[in-house]
Amino acid sequence: MEIYTIIHGIPVMADPALPKEEINELISDLIQTWAWEGRQLGKVELVSDGQLIHVCSYEKPSIQYVPLKRNQSEV
C-alpha cells in the first residue's frame, strides 16, 4: 500500500518503505528543478526498488480560456 500525502502543495504517492525525510528532500529538489525549467509540478509518484527510487513526475495541467466566436448570422 502506498502513502498519499501533500508536500509543498504537491500530491505525492510514495512507497511506505521510504523515509519521510528522503521523500521531503526529493520533492523539494523536484519543485526547484521544475521551477528552474519554467514548469509546474502537478503530482509525483515515488516507488522504491531496493537500491533505486523510481520518480514519476507529472506536470500541472495548463488551463486556458478562449472566447467563443459567434457566427455573424446569429448576431
Side-chain angles (χ1 to χ4, degrees):
M1 177 174 264
E2 294 180 332
I3 297 172
Y4 175 79
T5 187
I6 305 276
I7 301 173
H8 301 296
I10 306 298
V12 178
M13 295 292 287
D15 193 320
L18 296 171
K20 290 185 180 187
E21 299 80 25
E22 191 166 1
I23 293 170
N24 283 330
E25 187 176 326
L26 279 168
I27 300 304
S28 294
D29 289 347
L30 276 173
I31 291 170
Q32 192 172 35
T33 300
W34 279 57
W36 179 258
E37 295 172 356
R39 302 186 299 161
Q40 285 190 316
L41 191 58
K43 72 176 183 176
V44 178
E45 297 173 4
L46 303 172
V47 181
S48 178
D49 185 11
Q51 295 180 0
L52 299 174
I53 299 173
H54 297 268
V55 179
C56 300
S57 50
Y58 303 91
E59 191 163 6
K60 191 174 197 174
S62 172
I63 298 174
Q64 181 178 2
Y65 294 99
V66 179
L68 186 63
K69 292 182 182 178
R70 292 198 162 168
N71 233 338
Q72 291 297 332
S73 60
E74 292 179 13
V75 178

Sorted by chain and residue number, the side chain to side chain contact (heavy atoms under 4.5 Å, CB included) partners of Glu59 (sequence neighbours excluded) come out as Trp34, Arg39
Residues that Thr5 engages under side chain to side chain donor-acceptor pair (under 3.5 Å), provided they are two or more places apart = none
Residues 10-26, side-chain donor-acceptor partners within the protein, below 3.5 Å, at least two apart:
unit_1, atom_1, unit_2, atom_2, d
Asp15, OD1, Ala17, N, 3.0
Asp15, OD2, Ser48, N, 3.3
Asn24, ND2, Lys20, O, 3.4

From Leu41 atom CG to Ile27 atom CD1, the distance as rounded to the nearest 0.5 Å = 6.5 Å
State yes or no: do Val47 and Val44 share one hydrophobic cluster built from I, L, V, M, F, W and Y residues joined by side-chain heavy-atom distances below 4.5 Å, directly or via other members?
-> no
Counting only heavy atoms not in Glu2, do more than 12 fall under 6.0 Å of its CD?
-> yes
What's the spacing between Ser57 OG and Glu45 CD if we round to 0.5 Å?
-> 10.0 Å
Interatomic distance, Leu46 atom CG to Ile7 atom CD1 [nearest 0.5 angstrom] = 7.5 Å
